[in-house]
Amino acid sequence: TNHGVAHRHGIVFLLELPNGRRLLSIGWPGMVGTVTGMNDRGLVLALNMAFATDLETNATPMLFRLREALETESTISGATHVMVSQARTFAANVLIVGAAEDRAVVLELSGRRHALVEMKSGIAITTNYYQALAIKGGAGGERQAILWRRLIRTGAATTPGDARRAS
């Protein structure tokens, strides 16, 4: 929950790793790992929390796994493998964009299950609601439908303001 504070204190980290790779990571003070980020190979990851009851308390935290994917991977399949190779500490929907692949997917994650949602009509939408995993709970189904209708109507001319007004 933001409580009207988090959006005012975001931090953008520009990191150059010992292996020469670079990445941009967006987060907040005191947070370890990555919530949203991009690496120098055009891989982008953006996290939305979701709801599930099959979570694992003894696993690598999700924000560390996003950071690991950005540090080590350059493709959607590579990032997906990092995210699904272990159980998860919380449920999430992760937008994964591969610039070199000219493609985006939404990776839906519960604690132990996952589903990959491919782009439709050049659009990938992620909210806090599952599109493919049959898990009830969470929020966002109505936002997802509204965003879809707006994006279909405005297409490539969609602006960030259009998306904000749609949600």
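Counting from 1, the numbers follow the sequence of the chain as shown. Basis for what follows: all heavy atoms, side chains included, without hydrogens, waters or symmetry-related copies. Values in this document were obtained by computation on a predicted structure and should not be read as measured data.
- Open room surrounds CE on Met38; 12 or fewer heavy atoms of other groups in view lie less than 6.0 Å from it.
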**Request:** Kindly indicate, with the supporting measurements, whether the criterion side chain to side chain contact (heavy atoms under 4.5 Å, CB included) is fulfilled by Leu14 and Leu24.
**Result:** CA-CA 5 Å; Leu14 298 172; Leu24 176 141; 3.5 Å; yes
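- No single ILVMFWY cluster, assembled from side-chain heavy atoms under 4.5 Å apart, contains both Ile76 and Val44.
- Checked for salt-bridge contact, Glu56 and Arg112 meet the test: a charged N lies under 4.0 Å from a carboxylate O.
- Without hydrogens or angle criteria, Arg88 side chain to Ser110 main chain gives a donor-acceptor distance under 3.5 Å.
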**Message:** Between Tyr130 and Asn93, is the side chain to side chain contact (heavy atoms under 4.5 Å, CB included) condition met? List the steps.
**Reply:** CA-CA 7 Å; Tyr130 292 121; Asn93 292 324; 3.3 Å; yes
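- Counting heavy atoms of neighbouring residues, nucleotides and ligands inside a 6.0 Å radius, atom CG of Asp102 does not exceed 12 of them.
- Of the possible polar contacts, one joining the Asp54 side chain to the Gly111 backbone as a donor-acceptor pair under 3.5 Å is found.
- Atom CG of Leu70 sits about 10.0 Å away from atom CG of Leu15, to the nearest 0.5 Å.
- Interatomic distance, CG of Leu17 versus CG of Asn39, reported as 9.0 Å (0.5 Å rounding).
- Put simply, Leu43 and Val105 are part of the same group of oily side chains (I, L, V, M, F, W, Y) that touch within less than 4.5 Å, one to the next.
- Within a 6.0 Å radius of CZ in Arg153, other residues, nucleotides and ligands contribute more than 12 heavy atoms.
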**Request:** Apply the test side chain to side chain contact (heavy atoms under 4.5 Å, CB included) to residues Gln86 and Arg65: give CA-CA distance (whole Å), side-chain angles for both, the deciding distance (0.1 Å), then the verdict.
**Result:** CA-CA 10 Å; Gln86 303 172 43; Arg65 306 260 296 281; 3.5 Å; yes
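- If you take CG on Leu109 and CG on Leu133, they are separated by 8.0 Å, rounding to the nearest 0.5 Å.
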**Message:** Could you go through Arg113 and Glu108, starting from their C-alpha distance and side-chain angles, then the distance that decides it, and tell me whether this counts as side chain to side chain contact (heavy atoms under 4.5 Å, CB included)?
**Reply:** CA-CA 8 Å; Arg113 299 184 327 181; Glu108 299 181 342; over 6 Å; no
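- Put simply, the residue from Val117, Ile96, Thr127 that forms a side-chain contact (heavy atoms from CB on, under 4.5 Å) with Val106 is Val117.
- A side-chain contact (heavy atoms from CB on, under 4.5 Å) with Leu45 holds for exactly one of Val35, Leu95, Leu66; it is Leu66.
- In this structure, CG in Leu47 is found 6.5 Å from CG in Leu63, a value given to the nearest 0.5 Å.
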**Glu73/Arg41 under salt bridge (charged side-chain N to carboxylate O under 4.0 Å, His left out): CA gap, chis, key distance, verdict** = CA-CA 8 Å; Glu73 303 302 327; Arg41 295 190 179 162; over 6 Å; no
